[in-house]
Asks: 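The structure follows.
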Amino acid sequence: MPLLKEKVYTIDDIYLLPEGKRAELIDGQLYDMAPPNRRHQMLVSELHYQIKDYIRRKGGSCEVYPAPFAVKLNADDKTYVEPDISVICNPAKLTEEGCTGAPDWIIEVVSPASKRMDYSIKLFKYRTAGVREYWILDADKNRIIVYDLDNDDMDDFSFSDVVKSRIYDDLMIDFSKIKI
């Protein structure tokens, strides 16, 4: 008796989802996305604002996008993610559809439904795709994990700390001033 073959999804399947339904695609497997709560959106909004303002003040060329923003991590049609925040410094990666290739910096805000994805599956995918910096914000645990994927380093912070970006020399975010 032959083994059942699991369906492998592609980016085309993402675009065929019903209106309002969101999912991510990793290695051909679909993962439903739950709607974010207010605290999640407050964090994303504040961080997006601070990073965008920093880039603008410094005259930087990087661009920052909040979710939903399509990121096609690999050179195939089997991985499509929507990080909460994506910072892209190579304009050649940007298309009208989103980003093709690894953003330089990704921030994910953990929700109860996304813990496994953010802490393990995405960490592995982002590292192997070439993301340089990855932050995981977990307000329930009062924890911010900063991965410097270029140097295989990791630091742990709380929401009362000032956290420095690794891809910028002087971008610091004071989480104690962010209302969550």
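The residues of the chain are indexed from 1 along the displayed sequence. Since we're looking at a predicted model, the values are computed, not measured. The figures here come from the full heavy-atom set of this structure, side chains too, leaving out hydrogens, waters and symmetry mates.
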Asks: Would you say the side chain of E46 lies within less than 4.5 Å of the side chain of M42, judging by non-hydrogen atoms?
Replies: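 The answer is no; the side chains never approach within 4.5 Å.
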Asks: Only distances under 3.5 Å count here; give the side-chain donor-acceptor pairs of residues 26-35 to other protein atoms, sequence neighbours excluded, each with its distance to 0.1 Å.
Replies:
residue	atom	partner	partner atom	Å
D27	OD1	K125	NZ	2.8
Q29	NE2	E6	OE2	3.0
D32	OD1	K21	NZ	3.1

Asks: Is K7 positioned over the aromatic face of Y9, cation under 6.0 angstrom from the ring centre and no more than 45 degrees off axis?
Replies: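 That pair qualifies as a cation-pi contact.
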Asks: Apply ring-ring contact (aromatic ring centres under 6.0 Å, His included) to F159 and list each qualifying residue two or more places apart in sequence or on a separate chain.
Replies: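 By the ring-ring contact (aromatic ring centres under 6.0 Å, His included) rule, F159 matches F175.
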Asks: How about Y147 and D152: does a side-chain donor come under 3.5 Å of a side-chain acceptor?
Replies: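 No - no donor-acceptor pair under 3.5 Å links their side chains.
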Asks: For the CG atom on D169, are there more than 12 heavy atoms of other groups (residues, nucleotides or ligands in this structure) within a distance under 6.0 Å?
Replies: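 Result for CG/D169: open.
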Asks: Are L137 and V81 joined in one hydrophobic group, where the rule is that I, L, V, M, F, W and Y side chains link up if heavy atoms are under 4.5 Å apart?
Replies: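 Different clusters: L137 never reaches V81 through Ile, Leu, Val, Met, Phe, Trp or Tyr contacts under 4.5 Å.
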Asks: Looking at R143 and D156, does any basic side-chain N land under 4.0 Å from a carboxylate oxygen?
Replies: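 Looking at D156 together with R143, the answer is yes, because their closest N to O distance falls below 4.0 Å.
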Asks: Mark yes or no for whether D76, through its side chain, and K78, through its backbone, hold a donor-acceptor pair below 3.5 Å.
Replies: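 Present.
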Asks: Other residues, nucleotides and ligands only: do more than 12 of their heavy atoms fall within 6.0 Å of CZ on R57?
Replies: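 More than 12 heavy atoms, drawn from other residues, nucleotides or ligands, come within 6.0 Å of this atom.
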Asks: Strictly by modelled atom types, are D138 and Y119 linked by a side-chain donor-acceptor pair under 3.5 Å?
Replies: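 Yes.
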Asks: Hey, any chance V44 and I88 share a hydrophobic cluster, counting ILVMFWY side chains that come within less than 4.5 Å of each other, even indirectly?
Replies: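 Different hydrophobic clusters.
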Asks: Could you tell me whether a side-chain N or O of S45 sits under 3.5 Å from a main-chain N or O of Q41, the two making a donor and an acceptor?
Replies: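 No, the answer is negative, given that no donor and acceptor are paired below the 3.5 Å cut-off.
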Asks: Grab the two heavy atoms, one from I106 and one from P83, that are nearest each other, plus how far apart they are.
Replies: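 Taking every non-hydrogen atom into account, CG2-CB, 3.5 Å.
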Asks: Begin from the C-alpha positions of H40 and D84 and carry the test side chain to side chain donor-acceptor pair (under 3.5 Å) through to its verdict.
Replies: CA-CA 9 Å; H40 180 281; D84 289 317; 3.3 Å; yes
Asks: Do the side-chain N and O atoms of E108 and Y126 include a donor-acceptor pair separated by under 3.5 angstrom?
Replies: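 Y126 and E108 do have a side-chain donor-acceptor pair below 3.5 Å.
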Asks: Do D148 and R132 meet the salt-bridge criterion of a basic N to acidic O distance under 4.0 Å?
Replies: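 No, R132 and D148 are not salt-bridged.
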Asks: Do E82 side-chain atoms and P68 backbone N/O form a donor-acceptor pair below 3.5 Å?
Replies: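 No, the answer is negative, given that no donor and acceptor are paired below the 3.5 Å cut-off.
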Asks: Just how far is it from atom OG of S176 to atom CG of D161, taken to the nearest 0.5 Å?
Replies: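 CG of D161 is found 8.5 Å from OG of S176.
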Asks: Take K164 and D170, measure what salt bridge (Lys or Arg N to Asp or Glu O under 4.0 Å) needs, and give me the verdict at the end.
Replies: CA-CA 7 Å; K164 182 189 176 308; D170 58 351; over 6 Å; no
Asks: Between L47 and Y49, is there a side-chain heavy-atom distance shorter than 4.5 Å?
Replies: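 No; the side chains remain at least 4.5 Å from each other.
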Asks: Less than 4.0 angstrom from a charged side-chain N to a carboxylate O is my criterion; do E24 and K122 meet it?
Replies: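 Counted as a salt bridge, because a side-chain N and a carboxylate O are separated by less than 4.0 Å.
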Asks: I want to check something: taking the side chain as every heavy atom from C-beta on, are Y65 and E63 in contact at a cut-off of under 4.5 Å?
Replies: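 Result yes, sub-4.5 Å side-chain heavy-atom pair found.
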Asks: Report yes if some heavy atom in the side chain of T79 is under 4.5 Å from a heavy atom in the side chain of K72; otherwise report no.
Replies: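 A side-chain contact under 4.5 Å is absent here.
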